[in-house]
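Contents: one structure, followed by commentary.
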Amino acid sequence: MIQKIMMKNLICSGCSGKIEKALAEELDYVNSASFNFPNQVMLIDATDDYDEEKAIPEIKKIVDSIEDGVETFSYDKRHLIDTIKGVESYISFFIGLVLYGLAYLIGFFLKTDLDHDSVVAANFIMWYTPIFFVGYGFISFKIFKKTLKGVRRKEIFNENMLMFIATIAAMFLRNYLEAGLVIIFFTVGEYLQHRAVHRSKQEVNGLIDLKVEYANVRVGNEVVIQDPMSIKKGDILIVKNGEKIPVDGEIIQGTTSLNTSALTGESKLSTVKVGDFVLSGNINVGNVIEVRAKKEYHESTLSRLVDLIENSTNHKAKTENFITKFARYYTPIVTIAAVMLFASKSFFDWANYQDYLYDAATFLVISCPCALVLSIPLSYFAGIGAAAKKGILFKGSSFLHMMTNVDTIGLDKTGTLTHGNFKVATFSNDETLKICASVERFSNHPIAKSIVEFYKGEYYDYPNIEEIPGYGIVVQTDEGKILVGNRKLMNKHKIKVTDKKVMSGSNVFVSRNGKYEGHVIVKDSLKSSSINTIRRLSRNYNITMLTGDNDAMAKEVATSLGSIDFRSNLLPEEKIKAFDEIKTKKLKLFVGDGINDAPLLKNADIGVAMGNGSEVAIDVADVIIMGDDINLLEQATQVAKKTKRIVYENIILSLGVKFIFLLFAGFGLSSMLTAIFADVGITLIAVLNSLRLIYSRGK
């Protein structure tokens with residue numbers, strides 16, 4: 001079971017990775033842990049032995065041993081606890097700055113007289129050096145504290161240890177100014193990184209702002225403001241202009257327009273009236289309406305989507321996991337390399353050991369892995385937020401990354417490519433239509449509903465009705481069986497369809513007491529966006545439509561979409577087999593919306609569910625398209641590709657620059673000030689590059 005723990009002010013992605021690892025290794029009731037940056041929530045896969053009252057203090061102890069200033073508390077108390085604090089306390093840092101400035105001024109005024117006055121020289125040594133060391137102690141206090149925490153946890157090799165060793169070496173060599181400037185730039189750079197990450201979190205939270213703060217509930221003759229979580233099924237809700245619908249429900253009074261962009265990314269307004277079902281999170285931009293709640297808050301679309309976003313870090317991309325492991329081994333390797341660099345040079349030329357110690361210290365500063373550890377998770381996080389703004393929800397960065405490796409797409413037809421709004425096109429005779437409507441009124445299938453809606457007469461009263469998924473309906477009567485369904489149902493019961501030619505569409509055949517009666521043909525229409533979108537996608541992807549419709553209807557739709565491949569007359573279980581038989585060199589993606597698509601959505605490498613489809617399909621899918629527009633699939637691939645491109649840019653930038661500067665340091669051609677640019681400067685550039693996913697105004 002997944003438990004949520006709030007960890008406010010946890011900005012350091014490297015630290016969050018260490019906390020995830022420590023929780024899983026040190027607490028028996030934790031199977032795994034994953035930190036969600038947008039909501040500052042640690043998602044814990046806990047065993048049945050999990051006891052929150054006991055767990056919170058133990059988890060807090062582990063967090064505090066790794067990172068300072070993190071507020072750790074129960075997720076349920078997130079609205080009750082005020083945690084607005086600075087990321088770190090910089091008091092000691094500012095004291096150190098003052099002392100460093102004082103020492104520098106003393107040195108500046110006395111240095112010119114050192115060679116001529118021994119008294120001045122003695123005073124210089126007595127005051128100048130100790131002030132630098134005291135100032136260094138203050139400005140490096142945070143780094144020393146983190147280094148000490150790492151030692152206590154037996155995590156000796158980390159970026160703080162590298163920085164501490166390097167600057168201590170510089171102080172030993174009396175390069176006081178450089179040592180201080182390295183710490184100062186590192187601290188300022190770290191603060192700027194924190195601000196950039198914090199700003200990006202605010203931006204993404206703004207992109208996916210789905211919160212409903214209150215609900216207007218009619219109680220008797222009064223309207224009472226209530227917490228949305230207290231709404232019960234059947235409650236009458238008053239939704240005014242500018243307010244969000246708090247829970248899914250049915251309009252019982254009023255006509256208005258809804259802004260659905262928060263859920264679908266679609267800027268067009270949707271007109272709704274009495275009897276229409278409306279989703280929570282949509283904004284009323286017209287008249288006041290009354291809505292009868294059909295679901296409680298935790299069951300509603302809004303709550304489920306918020307939960308999906310909060311759990312999106314459960315599935316991390318391979319690149320993200322690789323960087324975490326890379327940093328774990330990279331840091332000790334470069335530390336050993338720095339020691340070997342110093343030892344090998346000093347062995348042959350001990351007289352210049354101080355120069356070689358300086359080069360080794362510079363090497364350590366350059367090698368800090370901050371740019372990778374911070375920018376890669378941030379890139380995926382920003383990509384998920386940018387996709388959410390468009391109405392595309394990825395259930396994890398792994399699926400965002402996997403989408404770039406897709407070369408084959410399978411598509412359901414009804415509700416995905418077509419509107420799913422069936423209409424009766426023709427029927428054999430009135431008796432056939434009456435039998436068909438009398439039977440189909442007991443089915444929830446869209447085709448059945450369209451037939452019942454079309455028929456205006458009286459019904460036969462049939463008992464013992466059995467619906468067979470993928471075939472149709474069988475009715476047992478005293479006179480015999482009545483069959484209403486597709487051609488497979490007729491063939492199964494050896495009923496000969498006597499129609500010489502059946503027009504394209506969804507054919508519903510009817511037989512009574514072993515005799516064929518006739519057919520009802522229902523047709524659906526393609527969505528306007530399907531034709532252009534599928535034709536564009538077919539340039540880069542192998543596309544196959546999988547449908548239960550007959551060959552004629554499937555061929556008509558496939559031809560309209562640019563003569564894509566199709567498989568027709570498929571039962572739900574046959575869709576999986578047909579999809580598995582499609583040849584591919586990479587990954588396969590399937591898009592569907594119905595209950596019968598759920599098995600295939602779960603079975604595919606990536607399952608994409610249309611947001612207006614069944615809840616089962618949405619639950620098992622890896623990606624959810626909230627709008628009813630297949631064009632969002634194309635946009636999802638674009639966001640995925642851009643995210644991957646930025647991730648790889650940051651990897652190449654970080655490793656490339658560091659490698660060049662490490663070579664310079666190895667040959668004694670670099671200084672600590674250029675080294676701090678190779679660390680902090682490149683990290684800031686990588687972070688800003690990641691934020692392009694949020695701020696770019698591109699397609």
Side-chain angles (χ1 to χ4, degrees), residues 4 6 38-39 41 74-84 202 204-311 388-389 391 393 611-615 618-619 624 626-628:
K4 299 178 181 179
M6 291 300 302
N39 300 286
V41 176
S74 170
Y75 181 79
D76 294 335
K77 298 179 180 178
R78 64 191 183 282
H79 300 305
L80 304 176
I81 298 179
D82 181 12
T83 60
I84 302 175
Q202 290 180 323
V204 174
N205 280 329
L207 294 180
I208 53 178
D209 182 17
L210 301 175
K211 295 179 182 178
V212 175
E213 303 294 342
Y214 66 91
N216 301 310
V217 182
R218 184 184 293 282
V219 180
N221 295 323
E222 296 183 0
V223 176
V224 180
I225 296 178
Q226 292 186 5
D227 187 325
M229 298 185 71
S230 66
I231 295 173
K232 303 296 182 185
K233 293 180 183 178
D235 283 353
I236 305 301
L237 313 175
I238 310 298
V239 185
K240 304 173 185 177
N241 184 287
E243 294 181 337
K244 290 180 181 177
I245 298 173
V247 298
D248 296 354
E250 179 185 351
I251 296 179
I252 60 173
Q253 185 174 322
T255 300
T256 190
S257 296
L258 297 180
N259 180 348
T260 63
S261 60
L263 297 183
T264 66
E266 177 60 61
S267 59
K268 294 180 181 178
L269 299 181
S270 173
T271 301
V272 291
K273 59 185 182 305
V274 173
D276 287 346
F277 187 80
V278 290
L279 300 178
S280 53
N282 288 333
I283 303 171
N284 181 11
V285 293
N287 303 318
V288 177
I289 55 174
E290 292 191 16
V291 178
R292 178 179 286 111
K294 291 293 185 179
K295 296 180 181 179
E296 294 184 4
Y297 183 78
H298 68 278
E299 301 173 319
S300 287
T301 301
L302 186 68
S303 177
R304 291 170 64 237
L305 294 183
V306 169
D307 190 62
L308 284 176
I309 294 169
E310 290 184 350
N311 287 279
K389 174 64 175 175
L393 299 182
N612 289 346
S614 71
E615 292 187 7
I618 292 173
D619 286 340
I624 300 170
M626 288 310 302
D628 195 28

Taking N241 for its side chain and G286 for its backbone only, find out whether a donor-acceptor pair lies under 3.5 Å. yes
Can a donor-acceptor pair be found, under 3.5 Å and without considering hydrogens, that links the side chain of D248 to the backbone of S280? yes
E243 and N216 side chains, donor-acceptor separation under 3.5 Å: yes
Please determine, by modelled atom types, if T256 and N284 share a side-chain donor-acceptor pair under 3.5 angstrom. yes
Decide yes or no for [X] and [Y]: does some side-chain heavy atom of the first lie under 4.5 Å from some side-chain heavy atom of the second?
{"X": "V217", "Y": "V219", "answer": "yes"}
{"X": "I289", "Y": "L237", "answer": "no"}
{"X": "I231", "Y": "Y297", "answer": "no"}
{"X": "F277", "Y": "K294", "answer": "yes"}
{"X": "V291", "Y": "E250", "answer": "no"}
{"X": "E296", "Y": "K232", "answer": "yes"}
{"X": "Y75", "Y": "V41", "answer": "yes"}

NZ/NE/NH1/NH2 to OD/OE distance under 4.0 Å, K233 and E299: yes
Check step by step if side chain to side chain contact (heavy atoms under 4.5 Å, CB included) holds for I245 and L279. CA-CA 7 Å; I245 298 173; L279 300 178; over 6 Å; no
